[in-house]
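Accompanying notes for the structure given below.
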Amino acid sequence: LTAWESLGTYERERENNEEAAIKALLEAKENIDGAVLNDATRGKSKTWKRRGDVYWFIYTDKSPRLLLHKDGAPDTAASSYMRALVVETRGNGKPKIENAADIGNKLLTLGNTLFEQGLDKFNSSDFKASDAAYAKAFTIFSALSNQDPENQGIQRQLAIIQLYRSMALFNGGEKEKGIAMAKEAMEAQPKDTVMTQNLISLYLAN
């Protein structure tokens with residue numbers, strides 16, 4: 001509850017009083033990190049949703065006061081949101097999710113951001129870091145797919161991530177893993193000729 005109240009203070013003050021806002025956000029961080037360890041609150045979707053929100057704001061807020069706190073913030077936000085999707089169930093056994101739409105939108109943003117990071121790392125020939133970013137993006141989109149298995153856009157995005165990850169692996173020296181990943185992408189989207197062309201190009205390069 002204290003974390004939630006502090007987060008509200010942050011949102012109210014961040015336009016007019018940066019110092020007070022950041023102080024409240026860091027207080028929210030301290031309290032929500034305790035809440036996810038407590039037996040009474042760690043099994044609630046809203047606990048993990050709020051933890052995701054705290055780290056989301058730490059990640060997205062441009063205040064220099066937060067520079068020392070940003071390391072790992074997007075990963076923590078993403079893992080917290082994903083936990084919020086599965087940690088609590090209703091009496092009928094179905095998931096009880098705190099503001100599922102907001103979680104979905106923020107996970108989508110984090111997944112796309114990681115995918116773009118993978119592209120940047122690939123273009124700078126840091127293939128190991130590129131693959132790591134793609135792998136995190138794949139985990140996020142997999143969580144979204146579990147929530148909406150009929151969403152063809154998410155299914156295609158998963159295959160696209162595998163396509164780009166195959167190239168990162170291949171160019172990083174892990175040729176067999178790269179080809180295997182390209183095959184998975186093609187099998188996931190067999191009608192998409194881009195997936196087939198990529199697999200052929202990797203076979204030829206090998």
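Any value given below was found using the heavy atoms of this structure, including those in side chains, with hydrogens, waters and symmetry copies removed. Along the sequence shown, the residues carry numbers beginning at 1.
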Does N17 use its side chain to pair, donor to acceptor, with the backbone of E13 at less than 3.5 Å? no
Give, for atom CD of Q162 and atom CD of Q189, the distance between the pair rounded to the nearest 0.5 Å. 9.5 Å
Is it true that R83 and S80 share a donor-acceptor pair across their side chains at a distance under 3.5 Å? no
Under 3.5 Å, side chain of S45 to main-chain N/O of A84, donor-acceptor pair present? yes
For the pair D192 and R156, find out whether any cationic side-chain nitrogen is under 4.0 Å from an anionic carboxylate oxygen. yes
Just checking, is any N or O donor in the side chain of S6 or N31 under 3.5 Å from an acceptor N or O on the other one? no
Has the side chain of S130 got a donor or acceptor atom that lies under 3.5 Å from a matching backbone atom of D126? no
Flag, side chain of Y134 to backbone of L119, donor-acceptor distance under 3.5 Å: yes
Would you say N123 has more than 12 foreign heavy atoms packed within less than 6.0 Å of its CG? yes
Calculate, to the nearest 0.5 Å, the distance between atoms CH2 and CD1 belonging to W4 and I32 respectively. 9.5 Å
Whether E187 and K183 form a salt bridge (side-chain N of Lys/Arg under 4.0 Å from carboxylate O of Asp/Glu) is what I want to check. no
Enclosure of K121 NZ (heavy-atom neighbours >12, cutoff 6.0 Å): no
Tell me the closest heavy-atom pair linking L7 and A28, and the distance in Å. N-CB, 4.0 Å
Inter-residue atom distance L144.CG - M82.CE, 0.5 Å rounding: 9.0 Å
Might you point out which heavy atoms bring S145 and Q155 nearest each other, and give the distance in Å? OG-NE2, 2.6 Å
Is the CD atom of E30 crowded by more than 12 outside heavy atoms at less than 6.0 Å? no
Within a radius of less than 6.0 Å around NZ of K70, do more than 12 heavy atoms belonging to other residues, nucleotides or ligands occur? yes
What are the two closest heavy atoms between I58 and A73, and how far apart are they? CG2-CB, 4.0 Å
Between atom CG of L110 and atom CZ of F141, what is the distance when rounded to the nearest 0.5 Å? 10.0 Å
Passes side chain to side chain contact (heavy atoms under 4.5 Å, CB included), L25 versus R14? Steps please. CA-CA 10 Å; L25 183 59; R14 60 179 172 166; over 6 Å; no
Would I200 and L204 count as a side chain to side chain contact (heavy atoms under 4.5 Å, CB included) if you check the C-alpha gap in whole Å, the side-chain angles of each, and the deciding distance to 0.1 Å? CA-CA 6 Å; I200 292 170; L204 289 173; 3.9 Å; yes
Working to the nearest 0.5 angstrom, can you tell me the gap between T109 OG1 and L114 CG? 11.0 Å
If you look at every heavy atom in A182 and S166, which pair is closest and at what distance? N-CB, 3.6 Å
Against the six-membered ring of F127, is K175 placed for a cation-pi contact (under 6.0 Å from the centre, within 45° of the normal)? no
Between the CD1 atom in I97 and the CZ atom in R90, the distance rounded to the nearest 0.5 Å is 8.5 Å
Taking every heavy atom of T47 against every heavy atom of T41, the minimum-distance pair comes out as OG1-O, 2.7 Å
Could you tell me whether the side chain of K29 and the main chain of Y55 form a donor-acceptor pair under 3.5 Å? no
If you count the non-hydrogen atoms of other residues, nucleotides and ligands that lie under 6.0 Å from OH in Y164, is the total more than 12? no
Does this structure show an ion pair linking K46 with E98, if we count only N-O contacts that are shorter than 4.0 Å? no
Hey, does D53 have a side-chain heavy atom less than 4.5 Å from the side chain of Y81? yes
Side chain to side chain contact (heavy atoms under 4.5 Å, CB included) between M186 and L163, worked out: CA-CA 8 Å; M186 186 191 71; L163 181 155; over 6 Å; no
Given the options R50, R51, R42, D33 meets salt bridge (Lys or Arg N to Asp or Glu O under 4.0 Å) only with R51
Run R165 and F138 through side chain to side chain contact (heavy atoms under 4.5 Å, CB included) and show every step you take. CA-CA 9 Å; R165 193 179 178 194; F138 188 85; 5.5 Å; no
